[in-house]
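Report on the structure given below.
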Amino acid sequence: MVIVLKNDVTDAQINELVDWLQTFDVKTNLIRGLHSKVIGLVGDTTKIDLESVQAKDMVYEVKRVQEPYKQANRRFHPEDTVIEIENRKVGGGKFNVIAGPCSVESEKQIIETAIAVKKAGATMLRGGAYKPRTSPYSFQGLGKKGLEYLLKAKKETGLPIVTEIMSVSHLDQFEDIDVLQVGARNMQNFELLKELGKTDKPILLKRGLANTLEELLMSAEYIMSNGNMNVILCERGIRTFEPMTRNTLDISAIPLLKQKSHLPIIVDPSHATGMTSLIEPMSLCAVVSGADGLEIEVHPDPKNALSDGAQCLTPESFESVMERIKACVEFVGREMDKN
C-alpha cells in the first residue's frame, strides 16, 4: 500500500499517521520527495481499510500495490484448488454439470428432473427450496419441504445437491445438503459469508448483478478468512445496457479469474442469458474459455414452471446440449466427471 500525503502535512501529523498504521503490524517507510511525501507500507495490509486511511486529514491519495485478497489469490496458492463433493472433483481438469429446475415445486417434479439430468450426464442436481424473487408476490419456494424433496431426489439418483441458502437462520436446515449456493443478491451479505466460512461445506458463490471481479474475490475472501477453503466461483452474467438478454455473460471473466485465483470456476448460462436458445452456445464458450463446470436449469414442463420457465431447458433438449458439451470438453483435453 502506498499513501500519498498532502503538501502541507506537518511532521506531527505524519508521526500520528505512522503510529496508527503500525498498530496493524506493518512496516512504514517515509519517502520525502521534492514535491510530495509518500508512506510505503510493507506487510499484510488487508486489515487496513482504504476508506479509513483516505479519510485522514493529511492523506491525499491511497493506492494498493497488491490485491487485497490473499486466501483466494493465485500468487499465494499457485496450484489449482480441487474441491471434492461426494466422490466428485470440481477443478483440476475435471468438468462437472449441475442441472435441475430453478425452483423445487413438488416431490414428483424434482425426482423426475433428477432422473432425467443424471441420464443425460449431469453430475449434480440443482434446485431452489428458498427463492429470492424481485417481486414479493412471486413464488418464494417451498422452504424446508423443498429441501426434503431434494434429499429424496438424491436418495433416488445419488446426485449431490446444490441449493441456495438465503439466511444464517436457515443453516441448521442445510446440514445434509452437499453444496450451499450463495446467490447473486447475497454475494455481499457479509454476515452470511462469515457464517458460511465457519462451516466445512463447499460454497458455490455467484457473482453479483453489478459487481466487479475483485469484489467477487473479496466475497470469497470473507468465507476463506473464516476457515472454509471450499469455495467455487460462479459467473452468471452481469447487468449491462443490453436489453435483449436477461444479463450479459462475461466470458472474459473466466480466463481472468483463472489468472487471478486458484479457485474453481463454473458458469451459469441460464441466468446469464435468460434464453434457452443461447444456453448451448454460451456453454460451449464457457468450456473453451477454461470453466470447470456449468450450472444449467432444466424443467420437465418449462411453460408451467413457477419461476424462470423461459430459461429452462426440457430434459430432451438438455440431453442434446449435453452431447455437444461432452464433445467440447473432450476436445479441449479435459474429462467429464462421472455421475
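Each of Ile165 and Ile266 belongs to its own hydrophobic cluster when Ile, Leu, Val, Met, Phe, Trp and Tyr are linked at side-chain heavy-atom distances under 4.5 angstrom. In the hydrophobic cluster analysis, where Ile, Leu, Val, Met, Phe, Trp and Tyr join through side-chain heavy atoms closer than 4.5 angstrom, Met336 is grouped apart from Val162. Phe24 and Met218 are not part of a single hydrophobic cluster, where members link through side-chain heavy atoms under 4.5 Å apart. Residue Val97 is not grouped with residue Ile83 when hydrophobic side chains (ILVMFWY) are merged at heavy-atom distances under 4.5 angstrom, including chains of intermediate members. There is no path of hydrophobic side-chain contacts, each under 4.5 Å, that joins Val4 to Leu41.
A pairwise comparison of heavy atoms in Glu156 and Ile111 identifies CG-CG2, 3.9 Å as the closest pair. The shortest non-hydrogen separation linking Leu263 to Met229 is CD2-O, 4.3 Å. For the pair Arg74 and Ser261, the tightest heavy-atom approach, listed with the atom from each and the gap, is NH2-O, 3.0 Å.
Counting non-hydrogen atoms of other residues, nucleotides and ligands closer than 6.0 Å to CZ of Phe139 gives a total above 12.
Under the side-chain contact (heavy atoms from CB on, under 4.5 Å) test applied with Ile98, the options Ile296, Leu204, Val179, Leu294 reduce to a single match, Leu204. Checking Glu235, Glu164, Glu295 one by one against Lys206, the salt bridge (Lys or Arg N to Asp or Glu O under 4.0 Å) holds for a single residue, Glu295. The side-chain contact (heavy atoms from CB on, under 4.5 Å) test with Leu159 is passed by exactly one of Arg88, Arg126, Met124, Lys154: Arg88. When each of Ile110, Leu150, Asp176 is tested with Ile161 by the rule side-chain contact (heavy atoms from CB on, under 4.5 Å), just one qualifies, namely Leu150.
Within the 4.5 Å cutoff, no side-chain heavy atoms of Cys234 are placed close to those of Val267. Two residues are said to be in side-chain contact when any heavy atoms from C-beta on lie closer than 4.5 Å; Leu217 and Glu214 fail this criterion. Between Leu196 and Tyr222, every side-chain heavy-atom pair lies at or beyond the 4.5 Å cut-off. The shortest side-chain heavy-atom distance between His299 and Thr113 does not fall under the 4.5 Å cut-off. Within the 4.5 Å cutoff, side-chain heavy atoms of Arg334 are placed close to those of Val287. Looking at heavy atoms from C-beta onward, Gln311 lies in side-chain contact with Arg246 at the 4.5 angstrom threshold. Residues Met1 and Leu50 meet the side-chain proximity criterion, which asks for heavy atoms closer than 4.5 Å. For the pair Leu17/Ile39, a side-chain contact is recorded, criterion being any heavy-atom separation below 4.5 Å from C-beta on.
Using bins of under 30°, 30° to 60° and over 60° for the plane-to-plane angle, the ring pair Phe174/His170 lands in the parallel bin.
Of the possible donor and acceptor atoms, none in the side chain of Thr276 sits under 3.5 Å from a partner among the backbone N and O of Cys312. Side-chain N or O atoms of Gln109 include one that pairs as donor or acceptor with a backbone N or O of Glu105 at under 3.5 Å. The closest donor-acceptor contact from the side chain of Asn247 to the backbone of His271 lies under 3.5 Å. Within the 3.5 Å criterion, the main-chain N or O of Val182 finds no donor-acceptor partner in the side chain of Asn186. Glu242 places a side-chain N or O within 3.5 Å of a backbone atom of Met244 that can act as its donor or acceptor partner.
Between the side chains of Gln71 and His77, no donor N or O sits under 3.5 Å from an acceptor N or O. Side-chain contact, Ser320 with Ser317: no donor N or O sits under 3.5 Å from an acceptor N or O. In the model, Thr245 has no side-chain atom that pairs as donor or acceptor with a side-chain atom of Thr273 under 3.5 Å. A donor-acceptor contact closer than 3.5 angstrom links the side chains of Gln188 and Asn211.
Salt bridge absent: Lys201 and Asp178 never bring a charged side-chain N and a carboxylate O closer than 4.0 Å.
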Query raised in the report: Could you walk me through whether Tyr60 and Gln54 pass the side chain to side chain donor-acceptor pair (under 3.5 Å) check?
Result: CA-CA 7 Å; Tyr60 173 71; Gln54 189 69 67; over 6 Å; no

